[in-house]
Amino acid sequence: MDLGIKGRWALVCAASKGLGKGCAQALVQEGVNVVITARGVEALQATAAELRALAAPGVQVVAVAGDITTPEGRAAALAACPQVDILVNNAGGPPPGDFRTWDRDAWIQAIDANMLTPIELIKATVDGMAERGFGRIVNITSGAVKAPIDILGLSNGARSGLTGFVAGLARQPKLASRNVTINGLLPGAFDTDRLKVTMAGAAAKSGQPIEAIAEARKLLSPARRFGTADEFGAFCAFVCSAQAGFVTGQNFLMDGGAYPGTF
Ligand code: NAD
């Protein structure tokens, strides 16, 4: 299936590894030019080289090192993209913990990274998308938006704030009627560095080997495995496709069936 987005430009944030990288890869394979960002230059350049090796002739891959949660990082990423037709919002997740230990700064940091950064990038790009009659915005959030995880209160809170804001914005006729969609992708457990770090933390705390933690975690979903960044990226690319123009304001949970509700 040709997704009809060849030649478009995408800004994929936090994309040197994991889910962001999976999205960038799937978009490049569809002939989309990408600007990818991450803080660490080395991993970012390595990923850019991998993507260029996959890209058809003429498809551009631009790497911009910087912290997407800062105004400077966002300005540099936007400046590198001739026009943003597709925006994939992503950043590292907040740390786990007990809300009794979180002060105002901890909350502001989480809200900055996982709510205000995507909103700033949407603000900078969405009206241009509407003028041109095409735009796809995907916010990578978390399954925690639908089924909160107790130790991830910062994530539950900040990402739910983004989700609520976007639910209203996506339904504005001046966006939806101009072929601009905004949707959320909600990962459950995906096999990325982030998951490995979380599991290593759990292993250290419980004294169990990390393999035992991983096996127990896999059993939490009927799929009995973790998702892969490739699966995540392919789904993202479809949400960004020309064919998906009638789908907006939705939140897609990708968790191997772990969420137990009918809807
Ligand atoms: P990952 O650690 O594998 O990759 C994160 C990527 O983001 C890296 O490329 C890193 O360099 C980049 N990054 C982090 N902070 C950044 C910043 N401030 N500016 C620019 N780049 C930055 O993580 P992942 O598993 O791909 O997770 C992506 C997002 O999805 C995170 O917010 C995470 O909390 C969320 N999430 C992941 C899972 C999972 O199981 N993997 C589940 C739920 C939610």
Side-chain angles (χ1 to χ4, degrees), residues 11-26 34-48 50-51 63-78 80 88-96 109-118 120-121 138-149 151-160 162-163 184-202 213-214 217-218 220-221 223 225-233 235-236 251-256 258-259:
L11 169 55
V12 187
C13 305
S16 69
K17 296 180 190 168
L19 305 179
K21 179 179 174 183
C23 295
Q25 192 169 307
V34 296
V35 173
I36 57 169
T37 84
R39 284 171 303 189
V41 183
E42 215 172 297
L44 183 67
Q45 292 300 352
T47 295
E50 274 182 52
L51 295 177
V64 180
D67 185 338
I68 201 69
T69 68
T70 64
E72 302 74 33
R74 288 191 289 275
L78 289 166
V88 179
N89 276 315
N90 186 29
Q109 229 176 331
I111 291 166
D112 249 345
N114 299 110
M115 179 179 174
L116 299 181
T117 290
E120 285 292 332
L121 287 169
V138 169
N139 297 313
I140 300 180
T141 61
S142 170
V145 168
K146 198 165 160 79
I149 301 168
I151 56 164
L152 290 178
L154 290 169
S155 174
N156 300 338
R159 296 189 203 270
S160 294
L162 173 66
T163 305
L185 295 190
L186 285 54
F190 277 77
D191 192 7
T192 65
D193 280 8
R194 160 98 176 165
L195 188 71
K196 287 185 186 94
V197 169
T198 324
M199 290 190 309
I213 301 281
R217 187 81 198 269
K218 286 178 190 169
L220 294 177
S221 96
R225 67 176 177 88
F226 298 136
T228 69
D230 282 355
E231 289 172 314
F232 193 87
F235 196 88
C236 174
N251 289 286
F252 299 104
L253 183 62
M254 301 174 68
D255 69 349
Y259 180 77

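For ligands, and for the atoms within them, numbers begin at 1 and follow the listed sequence.
Nearest heavy atoms, V88 versus C236: CG2-SG, 4.0 Å. For the pair F190 and M254, the tightest heavy-atom approach, listed with the atom from each and the gap, is CE1-O, 3.3 Å. Among all heavy-atom pairs drawn from I36 and A24, the shortest one is CG2-CB, 3.8 Å. Across all non-hydrogen atoms, the minimal contact from T37 to A77 is CG2-CB, 3.7 Å. Minimum interatomic distance between R159 and I140 (heavy atoms only, all atoms of both residues): NH1-O, 3.8 Å. When all heavy atoms are compared, the tightest approach of L152 to P94 is CD2-O, 4.2 Å.
Of all protein heavy atoms, the one lying nearest to atom 16 (C) of ligand 1 is R39 NE, 3.6 Å. Counting only heavy atoms of the protein, atom 23 (O) of ligand 1 lies nearest to R194 CB, 3.3 Å. Looking only at heavy atoms of the protein, atom 12 (C) of ligand 1 is closest to A14 CB, 3.5 Å. Among all non-hydrogen protein atoms, the one lying nearest atom 38 (C) of ligand 1 is G188 O, 3.7 Å. Scanning the protein heavy atoms around atom 28 (C) of ligand 1, the nearest turns out to be N90 OD1, 3.4 Å. The nearest heavy-atom contact from the protein to atom 26 (O) of ligand 1 is L19 N, 2.7 Å. Ranking the protein heavy atoms by distance from atom 40 (O) of ligand 1 puts F190 N, 2.8 Å first. The protein non-hydrogen atom at the shortest distance from atom 18 (N) of ligand 1 is D67 OD1, 2.8 Å.
Proximity to G18 (heavy-atom distance under 4.0 Å) selects the following atoms of ligand 1: 3 (O), 26 (O). Proximity to S16 (heavy-atom distance under 4.0 Å) selects the following atoms of ligand 1: 8 (C), 9 (O), 11 (O). The ligand atoms of ligand 1 that sit less than 4.0 angstrom from a heavy atom of T141 are 35 (C), 44 (C). Of all the atoms in ligand 1, the ones that sit under 4.0 Å from a non-hydrogen atom of G92 are 14 (C), 15 (N), 16 (C), 32 (O). Each of the following atoms of ligand 1 lies closer than 4.0 Å to a heavy atom of T69: 18 (N). Less than 4.0 angstrom separates some heavy atom of G93 from each of these atoms of ligand 1: 31 (C), 32 (O), 34 (O).
The shortest side-chain heavy-atom distance between N251 and K146 does not fall under the 4.5 Å cut-off. The shortest distance between side-chain heavy atoms of L220 and D255 does not fall below 4.5 Å. Within the 4.5 Å cutoff, the side chain of T47 has no heavy atoms near those of the K17 side chain.
Considering only non-hydrogen atoms, atom 34 (O) of ligand 1 lies nearest to R159 out of R217, R159, K196. Summarising the contacts of atom 20 (C) of ligand 1 with G66, A91, A189, the nearest heavy atom is found in G66.
The presence of a protein heavy atom under 4.0 Å from atom 14 (C) of ligand 1 is confirmed.
Between T37 and ligand 1, not a single N/O pair is under 3.5 Å apart. Checked by distance only, ligand 1 and L195 stay at 3.5 Å or farther apart across all their nitrogen or oxygen atoms. In terms of N/O distances under 3.5 Å, ligand 1 is approached by K17. The distance criterion of under 3.5 Å between nitrogen or oxygen atoms is not met by G143 with respect to ligand 1. Some N or O of I68 is nearer than 3.5 Å to an N or O of ligand 1, by distance alone.
Within the structure, the closest approach of A113 to ligand 1 does not fall below 4.0 Å when heavy atoms are considered. Residue contacts with ligand 1 do not include L186, since none of its heavy atoms lies under 4.0 Å from the ligand. Heavy-atom separations between P187 and ligand 1 include at least one value shorter than 4.0 Å.
The environment of CD in Q109 is sparse: at most 12 heavy-atom neighbours from other residues, nucleotides or ligands sit within 6.0 Å.
For the pairing with P118, the side chain to side chain contact (heavy atoms under 4.5 Å, CB included) check across I68, N139, T141 returns one residue only, N139.
To the nearest 0.5 Å, the span separating CD on E231 from CG on D191 amounts to 10.5 Å. From M115, atom CE reaches atom OG1 of T69 across 15.0 Å, with rounding to the nearest 0.5 Å. Here the CD1 atom belonging to I213 is positioned 13.0 Å from the NZ atom belonging to K218, to the nearest 0.5 angstrom. Taking OG from S16 and CG from D193, the interatomic distance works out to 8.5 Å, rounded to the nearest 0.5 Å.
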